[in-house]
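Labels below follow one simple rule: chain letters A, B, ... track the order of the sequence lines, proteins then strands, and each chain is numbered from 1. Quantities reported herein were computed from a predicted structural model and do not represent experimental measurements.
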Amino acid sequence: MELDSLYQEVILDHYKHPLHKGLSDEKSVQVHHVNPSCGDEITLNLIFEGDVVQDVTWDGVGCSISQASASIMSDLVHGKSVEQAFLALDAFSELMSSKGSIKGDDAILEDGVALAGVSKFPARVKCALLGWMAFKDAALQAREKEQK
Amino acid sequence: MELDSLYQEVILDHYKHPLHKGLSDEKSVQVHHVNPSCGDEITLNLIFEGDVVQDVTWDGVGCSISQASASIMSDLVHGKSVEQAFLALDAFSELMSSKGSIKGDDAILEDGVALAGVSKFPARVKCALLGWMAFKDAALQAREKEQK
Amino acid sequence: MSSLDVAAIKADFPIFQKRMRNDARLVYLDSGATSQKPAQVLEAERFFYTHHNAAAHRGSHLLAEEASTAYEGARATIAAFIGADSDEVIFTKSATESINLIAYSFSNTQVAPFVLTAGDEILVSEMEHHANLIPWQQLAKRTGAVIRWFSVTADGRLDLSNIDQLINERTKIVAITHQSNVLGTIPPVALITSKAHAVGAIVVLDACQSAPHFPMNVVELDVDFVAFSGHKMLGPTGVGVLWGRASLLAKMEPFLFGGSMIETVTMEGATWASAPRKFEAGVPNMAQAVGLAAAIDYLTNIGMSKIHQHETELTQYALDTLQTIKGLNIFGPLDTIDRGGVISFALEGIHPHDAGQVLDQYGVAVRTGHHCAWPLMRKYGVAGTTRASLYLYNDRSDIDALAEAITATQKYFKVS
Amino acid sequence: MSSLDVAAIKADFPIFQKRMRNDARLVYLDSGATSQKPAQVLEAERFFYTHHNAAAHRGSHLLAEEASTAYEGARATIAAFIGADSDEVIFTKSATESINLIAYSFSNTQVAPFVLTAGDEILVSEMEHHANLIPWQQLAKRTGAVIRWFSVTADGRLDLSNIDQLINERTKIVAITHQSNVLGTIPPVALITSKAHAVGAIVVLDACQSAPHFPMNVVELDVDFVAFSGHKMLGPTGVGVLWGRASLLAKMEPFLFGGSMIETVTMEGATWASAPRKFEAGVPNMAQAVGLAAAIDYLTNIGMSKIHQHETELTQYALDTLQTIKGLNIFGPLDTIDRGGVISFALEGIHPHDAGQVLDQYGVAVRTGHHCAWPLMRKYGVAGTTRASLYLYNDRSDIDALAEAITATQKYFKVS
Ligand SMILES: Cc1ncc(COP(=O)(O)O)c(C=O)c1O
Ligand SMILES: Cc1ncc(COP(=O)(O)O)c(C=O)c1O
């Protein structure tokens, strides 16, 4: 079934056992993002040290795609420099807008390539991007803070 | 040509030689009406004595139908009681909404029956009614004034 | 046994010939969002364009005359459908515009009952669609008025326990839905209206989910304004209706300004035509009005009472069927008393968005999410629901298909 | 020789098969009011309804996905047509709504450059359509701002002699037509815009009569807002466009409130989605947007430059032809420099309404009256004009038919 390309086993695993879910007490920045068309929400805590993502934790409600994607993202950026994290973010955005034409580089995206199938379901792309956009927002805010 | 039912000789005569056109100095009531869709305008002076239309004069710009109709109306109501004038007005309104199905009673409407053809051209009905509606408005205002 | 010949009706709707994913047939259970269109409506629009297209009320030529006649004829059809006078029927682009029109006209008009001052109250309910909530929040913001609301009970009814506090001498507007687009609940409009009128408040009825589904008469309803959308009642997109009581429309200032709504214009100012014209600035959505009239003809040919009866029977069947599914919980009334054919539910362990996605694989089209009624979602503590909404072209086979697909969804996500 | 194959074009428009009064062919010279529609546009609308109809952005099922793709695809088509980004293109119901949207957003927005205070100036011209005049009068009324205007010269051009007084540091908005719908005049938009921007004013361009007729690029124009209607450019009724500079749209508060324009909603308040979504409340006019995109595809397939060239040649021919008629006086420029295919004229001794009526007997459809530009009529001291307006489906035979019918009209009323 076409559906299996969307709901890969990896995704359902992350959905049932999300990584880094549950907000840390400390944070450099906290952001709250919603998906206005379906009501899904995510709160994300980012801890920065120098230029390195020390920790990302999150909480929220959402569908399997948005939850799994947030889980994968938070694990992926953990311990990376902002530059590296943004490279992954760009790769993931490209994958999501590919309409199924590319597979994604698993050296960069790791479990994230399991979400490749989402790009064939335009209405779900926003679900997959929710956590990533929250991270992006948080990272930009954190950087701005530091420069002040 | 279908058109001849609209532009009867009588109408073109009234258009070229309108009756009671040119405003009287005195008046019981003056009203100004416009046809917002084409910009035609009429100003109408009414002189009432008791319950009788002593004089109706008018001025304005408009197409042959509106000018002829105002001319016919002003001549028709002249010297009539309000009751009689309103009877004619009702008969004329009925004629205008008849879509060509009736001819109009020339005992009541006199030259007004020449406008029967207008009712087949819905966009022109408003032209034919402009003067009559101005008269109606003026008569109602005059009556109200008297009752005060 | 249904009172409608659904097979014959379905044959009028070309979209049902389309094959969905996996070659499934279309099981369309999303009429609450928008309805499908019969060929008769598409043909009426096309005929307008190919035979009468011109700017209504703006020319003396034959096409302009015919366009005007078609457009005003559409108005008369809609007026008859709701028991109104033609001059009380205003064409808008949508119910959303209709409601915004009233809210802005309140700001623009300086005579009673349109003047709101600080401390005045606008009463809505917790089950309103955003379209019947945010325009009032904004009006409140502009005027200093306060938004108050009826709560919703656990079983999806309006909580009327504090109605006499909620409707008081400060209440100026009561804006209420005629049927919830999430729960199917039909609030007690007559009761609310009589109490509102007793304190001099204006009653605005959001009839988006009622006008398509059961007979409606504005005189019997006795409310002051009614708003609904064409696209939810077999009509084209891009057309809505606002009905208003003539005496109020006469006092109300316009909302949109431009051509065709004026009496006279100078560089410094303008005066207005009378209703409904003064509320319809610009070249109107003529083809859509004509299409909506064709939709209404289609509905009245079948009969609104029969449609209502059909939907009530089908709703009961759906409620019964869905309740046999383990792990499925229905939001809202479980009977068909004061309730229409909109059924929201949750599947334990499955997010609505995921449920909708799997249902789609079986050709079952439902809506998932907050349904533009976010406060109601918060009330129930959920991010969204899955919603099946019924119309005249649905029958038991559609409900059965829904139930089967739900079971398959539960299997897919291994929650059963 | 025309650069367009008008016969082939005409064959695309089903309405030209219709017979008019007295079995005359349709000589349609009223495209300035609304254009006719090619079969391609009607088919695109129909295809949307029969294959993709669902509420865009509101469901996870296949039809909703397809409806969203179709609707957003239409936005991209329109954006490309005017050289804009998709996110800067807002679908409205009409140019009238587009302009009102800006005017109301000025009232709703509390940050510069949207704040108007008493004594601020809004500059328009004496040749504006009511749609680009009355919304500004009303905004002025709400804020205490003052309306000022460019006069029109006897030969139908903007009087620029006092431009440096008119555009001054109090000027906050300059709202100007891209082409007069009465005279055909094209004002010097580049000059006006550069002077307006020099004082920090916002420039709103009414492109109703330009977007359908010549190539347009919002980056080159350098204005801040552009409004136009679909129905005047081969598209359906009930759809208009507002283009706005992204940086301004980002700051602007919404106009209509309801579903799909929100970010979050509680009973007490709401926050907004980003542009263009925040300006499109409610289920959108999807089929009309799709139809408009098909119209634009049709126009660009032919080529806007070729259309413009064709119309310019035809306008010259019409000006030449009409000037040979005794007792006919043209309002506006007599050459085709900075002038489009809209020709207003008076016939001595014949009221425009009567002229239009007789022309109609010959199948010649023109518009008569004030053309929603009443102040301009006052300027010329007339109650109205007779107006012929051209488009890509017109050719010399239409002009000849007009001229013959005019002569017949003069005979009928015995003025020649
Ligand atoms: C110059 C101009 N501006 C604005 C409008 C208003 O357009 P619409 O009526 O489609 O909103 C028109 C057409 O009527 C026009 O010609
Ligand atoms: C109850 C209710 N009110 C208002 C609306 C708004 O209607 P539209 O989006 O057609 O303007 C809807 C539908 O979306 C609705 O269901």
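Ion pair K37(D)/E45(C) not flagged as a salt bridge, since none of the NZ, NE, NH1 or NH2 atoms sits closer than 4.0 Å to an Asp/Glu carboxylate oxygen.
Side-chain atoms of L63(D) and Y28(C), non-hydrogen and from C-beta on, do get closer than 4.5 Å to each other. Contact annotation: the side chain of K93(C) approaches that of E97(D) to within less than 4.5 Å [non-hydrogen atoms, C-beta and beyond]. Counting only heavy atoms from C-beta outward, the side chains of T50(D) and Q17(C) never approach each other to under 4.5 Å. Between R46(C) and R46(D), every side-chain heavy-atom pair lies at or beyond the 4.5 Å cut-off. Side-chain contact between Y49(C) and P14(D) is absent, with no heavy-atom pair separated by less than 4.5 Å. Residues F257(D) and L139(C) are not in side-chain contact: their nearest non-hydrogen atoms beyond the backbone lie 4.5 Å or more apart.
Using a 4.5 Å cut-off between heavy atoms, S107(D) makes no contact with chain C at all. Of the two parts of E128(D), neither the backbone nor the side chain holds a non-hydrogen atom closer than 4.5 Å to a non-hydrogen atom of chain C. Interface residue R21(D): backbone and side-chain heavy atoms are both found under 4.5 Å from chain C. Within the 4.5 angstrom heavy-atom criterion, only side-chain atoms of N108(D), from C-beta onward, approach chain C. Using a 4.5 Å cut-off between heavy atoms, S125(D) touches chain C through its backbone atoms (N, CA, C, O) alone. Contacts of H129(C) with chain D are made by side-chain atoms alone, with heavy-atom separations under 4.5 Å and no backbone atom involved. For F16(D), no part lies near chain C; criterion is any non-hydrogen pair under 4.5 Å.
G258(D) approaches T96(C) most closely through the heavy-atom pair CA-CG2, 4.3 Å. Nearest approach of Q137(C) to A270(D), heavy atoms of both residues: OE1-N, 3.8 Å.
Interatomic distance, N53(D) CG to T237(C) OG1, rounded to the nearest 0.5 Å: 7.5 Å. L42(D) contributes atom CG, which lies 13.0 Å from atom CZ of F47(C) (distance to the nearest 0.5 angstrom). Here M267(C) contributes atom CE and W136(D) contributes atom CH2; the two are 13.5 Å apart, rounded to the nearest 0.5 Å. Considering CZ of F255(D) and CG of L256(C), their distance stands at 5.0 Å, rounded to 0.5 Å.
Residues satisfying the ring pair (Phe, Tyr, Trp, His ring centres under 6.0 Å) test with H130(D), not counting sequence neighbours, are H370(D). Under the ring pair (Phe, Tyr, Trp, His ring centres under 6.0 Å) criterion, F91(D) pairs with Y71(D), not counting sequence neighbours.
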List the steps and the verdict of side chain to side chain contact (heavy atoms under 4.5 Å, CB included) for K18(C) and H52(D). CA-CA 9 Å; K18(C) 172 166 168 149; H52(D) 306 310; 3.8 Å; yes
